[in-house]
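Naming convention: chains lettered A, B, ... in sequence-line order (proteins, then strands); numbering from 1 in each chain.
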Number of protein chains: 2
Amino acid sequence: MTNKTYTALTAASGVESVLRLLEGRWKLVILFHLFGGQVQRYSDLEKLIPDISQKMLAQQLRQLEADGIVIRTDYKQVPPKVDYRLTPWGQALCPALDALLTWAENRNSLI
Amino acid sequence: MTNKTYTALTAASGVESVLRLLEGRWKLVILFHLFGGQVQRYSDLEKLIPDISQKMLAQQLRQLEADGIVIRTDYKQVPPKVDYRLTPWGQALCPALDALLTWAENRNSLI
DNA sequence: CGGAATCCAGATGGATACTG
DNA sequence: CAGTATCCATCTGGATTCCG
């Protein structure tokens with residue numbers, strides 16, 4: 001924190017890594033279908049997000065899981081049953097996204 | 001707001017459009033060099049962000065300007081002088097980014 | 001049911017050269 | 001000084017096919 005440039009770059013890269021967790025065409029849509037403690041099976045998410053391809057759904061869920069945002073539960077049955085829910089940290093993302101939405105809503109009055 | 005699916009998709013697309021404003025390899029770095037009322041000339045930003053190419057700096061500034069986040073001032077001198085600062089709305093983004101940073105910091109204690 | 005593997009098109013960003 | 005123009009590599013996401 002000794003000079004402005006260093007601070008700016010540090011904060012910027014911090015926010016950048018956060019945004020990288022949320023980037024990707026579908027992650028936010030998936031997240032919003034899991035907020036509030038909702039638990040969804042893979043096939044539920046396919047139905048809720050009709051335009052997503054299987055590849056993308058699986059890929060984005062893997063990334064969200066690896067990043068500690070969602071929990072994948074495999075019930076090891078035949079036929080397979082797998083479901084997804086948010087981690088506590090994933091749930092805690094909600095207010096931060098709300099702050100962004102609020103910012104967006106203030107556009108007309110603030111520009 | 002009549003059912004969960006509709007709400008989820010609406011909120012998701014709202015957040016997605018916000019994130020689209022911030023996407024791009026360099027926008028956040030630029031923003032952090034303008035927060036707090038800082039005013040920077042084009043050449044200042046080139047020095048502050050040594051790895052950015054001229055093409056990207058110009059392009060991302062154009063987009064930030066078009067989105068109402070930064071103000072470009074051309075002093076119409078020879079040699080040219082142009083500077084950039086945040087709009088009030090751009091300044092208001094700071095707390096929202098802070099919320100994201102705070103969320104990121106809570107990762108270890110919440111997962 | 002819940003994926004993985006492969007192939008492909010379009011978008012994104014970087015390097016370089018040039019300009020009013 | 002503050003850009004624009006062009007070309008090229010890479011990356012992202014979509015379509016399709018196949019599997020335990």
Side-chain angles (χ1 to χ4, degrees), chain A residues 9 12-13 15-34 38-67 69-85, chain B residues 9 12-13 15-31 33-34 38-67 69-86:
Chain A
L9 291 177
S13 73
V15 177
E16 275 190 277
S17 14
V18 174
L19 291 188
R20 225 168 291 130
L21 302 184
L22 306 177
E23 264 175 19
R25 177 82 180 73
W26 301 103
K27 278 187 189 167
L28 288 167
V29 185
I30 296 172
L31 285 180
F32 276 91
H33 283 297
L34 296 176
Q38 296 176 79
V39 178
Q40 310 280 7
R41 294 183 59 167
Y42 185 89
S43 51
D44 292 333
L45 291 170
E46 280 188 308
K47 282 165 209 150
L48 289 167
I49 315 171
D51 287 348
I52 199 172
S53 66
Q54 291 179 319
K55 168 188 167 183
M56 291 313 296
L57 181 54
Q59 183 189 100
Q60 311 251 307
L61 284 170
R62 296 274 165 282
Q63 290 176 18
L64 290 170
E65 188 194 4
D67 291 333
I69 296 172
V70 312
I71 297 168
R72 184 188 119 108
T73 309
D74 184 342
Y75 293 90
K76 301 191 184 298
Q77 302 173 172
V78 179
K81 174 179 172 181
V82 175
D83 65 31
Y84 297 89
R85 71 197 70 201
Chain B
L9 291 177
S13 73
V15 177
E16 275 190 276
S17 12
V18 174
L19 291 188
R20 224 167 291 131
L21 302 184
L22 305 177
E23 265 174 20
R25 176 85 180 68
W26 300 103
K27 279 186 189 167
L28 288 167
V29 184
I30 296 173
L31 284 180
H33 282 297
L34 296 175
Q38 297 176 79
V39 179
Q40 310 279 7
R41 295 183 61 167
Y42 184 90
S43 51
D44 293 332
L45 292 171
E46 281 189 307
K47 283 166 209 147
L48 289 167
I49 314 170
D51 287 346
I52 198 173
S53 67
Q54 290 179 319
K55 168 188 165 180
M56 292 312 297
L57 181 54
Q59 182 188 102
Q60 311 251 309
L61 284 169
R62 297 275 164 280
Q63 290 177 17
L64 290 170
E65 188 193 5
D67 291 335
I69 296 172
V70 312
I71 297 169
R72 182 187 121 107
T73 309
D74 183 342
Y75 293 90
K76 301 193 184 297
Q77 304 173 171
V78 178
K81 174 180 173 182
V82 176
D83 66 32
Y84 297 88
R85 72 198 70 201
L86 294 178

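- Here the side chain of Gln40(B) pairs a donor or acceptor atom with the backbone of His33(B) at under 3.5 angstrom.
- Look at CG on Leu61(A): it is 11 Å from C1' on dG2(C), rounded to the nearest Å.
- Residue Arg62(B) places at least one side-chain N or O under 4.0 Å from the OP1 or OP2 atom of dT4(D).
- The phosphate of dC1(D) has neither OP1 nor OP2 within less than 4.0 Å of any side-chain N or O from Arg41(B).
- With distances taken from any side-chain atom of Gln60(B) to the nucleotides dG3(D), dG13(C), dG13(D), the minimum falls on dG13(C).
- Spacing between atom CD of Gln59(A) and atom P of dG2(C) amounts to 19 Å, rounded to whole angstrom units.
- As judged by a 4.0 angstrom heavy-atom cut-off over every strand, Ser43(A) is placed among residues touching the sugar-phosphate backbone only.
- We find that CE of Met56(A) is positioned 5 Å from C1' of dG13(D), with the value rounded to whole Å.
- At a threshold of 4.5 Å between non-hydrogen side-chain atoms, the residues Asp83(A) and Asp44(A) do not count as touching.
- One distance of note links CD of Glu46(B) with CG of Asp51(B); it measures 12.5 Å at 0.5 Å rounding.
- In this view, Arg72(B) and Arg62(B), Glu65(B), Asp74(B), Val82(B), Tyr84(B) satisfy the side-chain contact (heavy atoms from CB on, under 4.5 Å) rule, not counting sequence neighbours.
- Rounded to whole Å, atom P of dC1(C) lies 15 Å from atom CG of Asp83(A).
- Distance, Ile49(B) CD1 to dG13(C) C1': 15 Å, rounded to whole Å.
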Exercise. Can you check side-chain contact (heavy atoms from CB on, under 4.5 Å) on Glu23(B) and Lys27(B), steps first, answer last?
Worked result: CA-CA 7 Å; Glu23(B) 265 174 20; Lys27(B) 279 186 189 167; 5.8 Å; no
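- Counting only distance, with no hydrogens or angles, the side chain of Tyr42(A) and the backbone of Gln54(A) share a donor-acceptor pair below 3.5 Å.
- Taking only side-chain nitrogens and oxygens, Trp26(A) never comes nearer than 4.0 Å to OP1 or OP2 of dT12(D).
- Computed from coordinates, the Asp74(A) CG to dG20(D) P distance equals 16 Å when rounded to whole Å.
- Rounding to the nearest 0.5 Å places CG of Leu45(A) at 12.0 Å from CD of Gln60(A).
- Axis orientation changes by 50° from one end of the helix from dC1(C)-dG20(D) to dG20(C)-dC1(D) to the other, with each end axis drawn from 5 pairs and the value rounded to 10°.
- DNA chain C is contacted by both Pro80(A) and Ala58(A); Pro80(A) maps to the nucleotide lying nearer its 5′ end (nearest heavy atom per residue).
- Nucleic acid contact class of Tyr84(A) (heavy atoms, under 4.0 Å, all strands): sugar-phosphate only.
- Taking atom NZ of Lys55(B) as the reference point, atom P of dC18(C) lies 17 Å away to the nearest angstrom.
- Protein atom CG of Asp44(B) is 12 Å distant from nucleotide atom C1' of dA2(D), rounded to whole Å.
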